[in-house]
Amino acid sequence: AISLARIGSSGINAEYGQHYYYTNNLSRSKMLYQRQIEVGRLCYIRLGDNAGKTCVIVDLVDQKRLLVDGPHCGLARQVIRLKNLAITDLKVKIARGCKTNVVRAAVTKEDIANKFLQTSLSKKAESKKAKAALGDFDRFKLRVAKTAHNRKIRSAVRKLKKSS
């Protein structure tokens with residue numbers, strides 16, 4: 001018999017510090033998401049006036065809004081909607097609701113700004129900015145180069161199909 005109280009409930013394996021959720025057959029599986037919304041987590045602002053800046057979660061207001069602070073990039077402490085953020089793997093150790101100076105010290109101590117520049121999210125944002133800054137003729141040259149590259153790939157694939 002299946003215990004209905006445990007279906008869908010979550011648990012923590014204290015010995016290994018891993019999070020699990022219970023399924024109908026009560027087998028233990030790893031959680032699907034590893035980036036949890038927690039105090040100290042570094043986030044990238046995707047939308048809004050401060051788009052392109054990074055911030056650190058200082059407190060959770062409710063299920064849709066977070067109190068963030070970004071002294072390392074000139075972002076004042078403010079409440080931001082969760083849907084406007086992209087959560088990263090990086091995290092700093094700070095207390096809930098701590099002051100801006102504590103956040104600044106933690107970010108500089110762990111060199112979070114440079115670590116963020118190494119992530120794929122940062123590289124993708126930079127390439128998106130570079131593409132947006134292209135002029136008309138640059139976009140044309142890019143399209144011509146892509147077409148030539150794809151033509152070479154197509155001809156190589158045709159040759160391989162013909163030979164086999």
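Keep in mind the model is a prediction, meaning the values are calculated, not measured. All values below come from the heavy atoms of this structure, side chains included, with hydrogens, waters and symmetry mates left out.
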For residues 116-124, tabulate all N or O donor-acceptor pairs below 3.5 Å that involve a side-chain atom, not counting sequence neighbours.
{"residue": "Thr119", "atom": "OG1", "partner": "Phe116", "partner atom": "O", "Å": "2.6"}
{"residue": "Thr119", "atom": "OG1", "partner": "Ser122", "partner atom": "N", "Å": "3.4"}

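- For the 3.5 Å distance criterion, the side chains of Arg81 and Asn84 fail to qualify, holding no donor opposite an acceptor.
- Summarising the geometry, atom CD belonging to Gln36 is positioned 8.5 Å from atom NZ belonging to Lys91; distances are rounded to the nearest 0.5 Å.
- Distance check: Asp138 CG to Lys131 NZ gives 12.5 Å after rounding to the nearest 0.5 Å.
- The shortest side-chain heavy-atom distance between Arg77 and Val58 falls under the 4.5 Å cut-off.
- Using a 4.5 Å heavy-atom cutoff, the side chains of Arg154 and Arg158 are in contact.
- Scanning all heavy atoms of the two residues, the minimum distance from Lys93 to Glu110 falls at N-OE2, 3.8 Å.
- Contact record, Val39 with Leu60: CG2-CD1, 4.3 Å, taken as the closest heavy-atom pair.
- Looking only at side-chain heavy atoms (C-beta outward), Val103 and Lys99 stay at 4.5 Å or farther from each other.
- Among the candidates Val102, Val107, Thr100, Asn101, the single residue satisfying the side-chain contact (heavy atoms from CB on, under 4.5 Å) test with Pro71 is Thr100.
- Taking CD1 of Ile87 as the start and CG of Leu82 as the end, the distance is 5.5 Å to the nearest 0.5 Å.
- The number of heavy-atom neighbours closer than 6.0 Å to CG of Asp62, taken from other residues, nucleotides and ligands shown, is above 12.
- Here the CG atom belonging to Leu67 is positioned 9.5 Å from the CD1 atom belonging to Ile80, to the nearest 0.5 angstrom.
- Summarising the hydrophobic clusters (Ile, Leu, Val, Met, Phe, Trp, Tyr; side-chain heavy atoms under 4.5 Å, direct or chained), the residues clustered with Leu134 are Leu142.
- Rounding to the nearest 0.5 Å gives a distance of 7.5 Å between CG of Asp69 and SG of Cys98.
- Using a 3.5 Å distance cut-off with no hydrogens or angles, the side chains of His72 and Thr108 do not pair a donor with an acceptor.
- Linking Ile, Leu, Val, Met, Phe, Trp and Tyr residues whenever their side-chain heavy atoms come within less than 4.5 Å places Ile37 and Ile45 in a single cluster.
- Using modelled atom types, one side-chain atom of Thr88 and one backbone atom of Leu42 make a donor-acceptor pair closer than 3.5 Å.
- A donor-acceptor pair under 3.5 Å links the side-chain atoms of Arg46 to the main chain of Lys83, judged by distance alone.
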Fill in: Stepwise side chain to side chain contact (heavy atoms under 4.5 Å, CB included) test for Lys152 and His149
CA-CA 5 Å; Lys152 286 180 185 176; His149 179 69; 5.6 Å; no

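- Val56 is not listed as a side-chain neighbour of Arg41, based on a closest heavy-atom distance of 4.5 Å or more.
- Ile57 approaches Ile94 most closely through the heavy-atom pair O-CD1, 3.8 Å.
- The CG atom of Leu66 sits 8.0 Å away from atom SG of Cys55, with the distance rounded to the nearest 0.5 Å.
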